[in-house]
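Single-structure report; data block below.
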Amino acid sequence: MAQQRTPDVVLTYRYLRGAMIALLLMLLLSVGYQWWWETGHSCWLGSISAYYYTPARGVFVGALCALGANLIAYKGHSPEEDVLLDFSGLMAFVVALVPTAPDDRCGPNAYAQTAPEIAAAVRNNVWSLLVVAVVGAAVVAWLGRVRGAGAPTRPRSARSVVVSIVCGTVVLAELVLFLVLRDRFIALSHGIAAATMVAGVIAVMVLSALGAEARHVGRDGSRGSVYKKVYIALAVALAVALLAAVVTAAGRTGFGHLVLVAEVIVILLFGTYWGVQTKELWDLRDTSGPEARAVGPIAR
C-alpha cells in the first residue's frame, strides 16, 4: 500500500513547488493589471507592497500568505535550510498582514485606510498569526519527540545553531515590537520582514548550491557543478537587488520607482531559482522506480 501511495506523494511535492511559481506570477500579473487597466498605464506606485491599497490587495495578501504557508510546509535539504524556509514563510505572512505606508503617487483610491483602521487590522491579523504559530510550533515539537522517542539524538551543527539564533533573533525583535511598541511595529515590521524574508531565501539558495554536487554523486557530477554555479549566480544577483531596495527605501532618494523595480527583479530571480531547482529535483526523483519508493529523501 505504501508503494502505491508514493507516486502521489512525489506528485504532491512537485505540485507544491509549481504552485509557488504560480503564486509569484499571479502577484506580478495583478500589479501589472492594476497599472495597465486601472490607471491607463500612466502611473506606477513606488513598491509592490504599496498595491495593498489598491484593488490588487486581495491577490497581494492571498498570494503572500499562500507562499508563506508553502515555504513552511516545504522541507529543506538540511536542518538549517528547513529553519530558513520556515523563517522566510513566517516573514511572508508578516509582509502580507502588516501593510507598508500608503503611497499617494497615483492619488487617493477607495482602498485607502485611516491609521486607526490599519492598527485594528494589524492587531487582529498578527494576534491570529501569533497564536497559530505558537500552536503549530508546539505540535511540530511534540510530533518530533514522539517520532524520535528511543532514537539517539544527533548533535546539531554549528551552522544550524547560528542560523537558528539569527532567525530567532529577528522573530523575537518583531514580537517585542508588536507587544511593547505597537506604533513602531506598524511602521517598521513590514520592511524588516520583507528584507529578512528575502535574505532567508538567499541563504537557502547558497545552501542549495553548496549541496548541489553531492545530490548528483553517482549520476552526472558535471551537472551538479552547473547547478551550483547557477544557484550562486542567482543568489548574488538577488542580494544586489535586495541591497538596492533596502538602500533606496532607507534613503528615500534617487529614482522614485527603484524599490518597485528591485522587488520585481527579486520575484523574477526567486521564481527562476525555484524553477531551475524544480527541474533539478524532478530529474533526481521520478514517480516510478526505486527513487519514488524512497519517500524519505524525496526533497533531497
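This structure is a prediction, so every number in the text was calculated from the model and none was measured.
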Sub-3.5 Å donor-acceptor pair from the side chain of R57 to the main-chain atoms of Y51, do we have one? no
I need the E174 CD to L188 CG distance, nearest 0.5 Å. 8.5 Å
With heavy-atom distances below 4.5 Å as the criterion, would you say the side chains of L85 and I72 are in contact? no
Between S160 and S157 (side chain of the first, backbone of the second, donor and acceptor by atom type, cut-off under 3.5 Å), is there such a pair? no
Heavy atoms, side chains only, cut-off 4.5 Å: are Q34 and P55 in contact? yes
Taking the side chain from D103 and the backbone from A50, do they hold a donor-acceptor pair closer than 3.5 Å? no
Identify, with sequence neighbours excluded, every residue that meets side chain to side chain donor-acceptor pair (under 3.5 Å) alongside Q277. R17, S208, Y273
Full working for side chain to side chain contact (heavy atoms under 4.5 Å, CB included) between L207 and E80: CA-CA 9 Å; L207 290 174; E80 53 267 34; 3.7 Å; yes
Grab the two heavy atoms, one from G68 and one from A92, that are nearest each other, plus how far apart they are. CA-CB, 3.8 Å
Nearest-0.5 Å distance, CE of residue M91 to CD1 of residue I192: 9.5 Å
Look up atom CH2 in W44 and atom CH2 in W35, then write down how far apart they are to the nearest 0.5 Å. 5.0 Å
Working to the nearest 0.5 angstrom, can you tell me the gap between L84 CG and M197 CE? 13.5 Å
More than 12 heavy atoms of other residues, nucleotides or ligands under 6.0 Å from CZ of R184: is that the case? no
Hydrophobic cluster identity match, W36 and Y33, side-chain contacts under 4.5 Å: yes
Set out, in order, the CA-CA distance, both residues' side-chain angles and the distance that settles side chain to side chain contact (heavy atoms under 4.5 Å, CB included) for W274 and T278, then state yes or no. CA-CA 6 Å; W274 204 253; T278 298; 4.1 Å; yes
I265 and A241 have their tightest heavy-atom pair at CG2-CB, 4.0 Å
Please check if the side chain of T196 supplies one atom and the backbone of A199 the other of a donor-acceptor pair under 3.5 Å. no
Minimum heavy-atom distance A245-A262, with the two atoms named: CB-CB, 3.7 Å
Test applied, side-chain contact (heavy atoms from CB on, under 4.5 Å); reference residue, I186; option that passes from V126, L177, I118: I118
Do the side chains of L45 and L260 get nearer than 4.5 Å, heavy atoms only? no
Whether Y227 and H216 hold their rings parallel, tilted or perpendicular, with breakpoints at 30° and 60°: parallel
Linked, directly or transitively: L130 and L90 (ILVMFWY side chains, under 4.5 Å): yes
Could you walk me through whether T54 and E38 pass side chain to side chain contact (heavy atoms under 4.5 Å, CB included), step by step? CA-CA 10 Å; T54 73; E38 301 300 330; over 6 Å; no
Could you go through L25 and I267, starting from their C-alpha distance and side-chain angles, then the distance that decides it, and tell me whether this counts as side chain to side chain contact (heavy atoms under 4.5 Å, CB included)? CA-CA 9 Å; L25 178 60; I267 291 174; over 6 Å; no
Check: V259 and V246 side chains under 4.5 Å, non-hydrogen atoms: no
Mind checking whether L64 and F93 have side chains closer than 4.5 Å, heavy atoms only? no
When you check the side-chain N and O atoms of Y13 and Y74, is any donor under 3.5 Å from an acceptor? yes
Just by distance, do the side chain of N125 and the backbone of A121 share a donor-acceptor pair under 3.5 Å? yes
Membership question, hydrophobic clusters at under 4.5 Å side-chain separation (ILVMFWY): are V162 and F87 in the same one? no
Check whether any side-chain heavy atom of L71 lies under 4.5 Å from a side-chain heavy atom of D86, and answer yes or no. no
Kindly indicate whether the side chain of V94, heavy atoms from C-beta on, has any atom under 4.5 Å from the side chain of H190. no
For L27 against A63, the heavy-atom pair lying closest together: CB-CB, 4.4 Å
What distance separates N124 CG from L97 CG, expressed to the nearest 0.5 Å? 9.5 Å
Non-hydrogen atoms of S189 and V98 that approach each other most closely: OG-CG1, 3.2 Å
Donor-acceptor contact below 3.5 Å, side chain T248 vs main chain A244: yes
Note: F185 and V122 closest approach over all heavy atoms is CE2-CG1, 3.8 Å
Report yes or no: do L268 and V240 belong to one cluster of Ile/Leu/Val/Met/Phe/Trp/Tyr joined by side chain heavy-atom distances under 4.5 Å? no
Cut-off 3.5 Å, side chains only: do Y231 and E280 have a donor facing an acceptor? yes
Using the side-chain contact (heavy atoms from CB on, under 4.5 Å) rule, pick out the option among K228, K229, R223 that qualifies with S225. K229
What's the separation between atom CG in L210 and atom CD1 in I232, rounded to the nearest 0.5 Å? 6.0 Å
Heavy-atom side-chain proximity of M20 to Y15 below 4.5 angstrom: no
Shared hydrophobic cluster, I48 / Y111 (ILVMFWY, side-chain heavy atoms < 4.5 Å): no
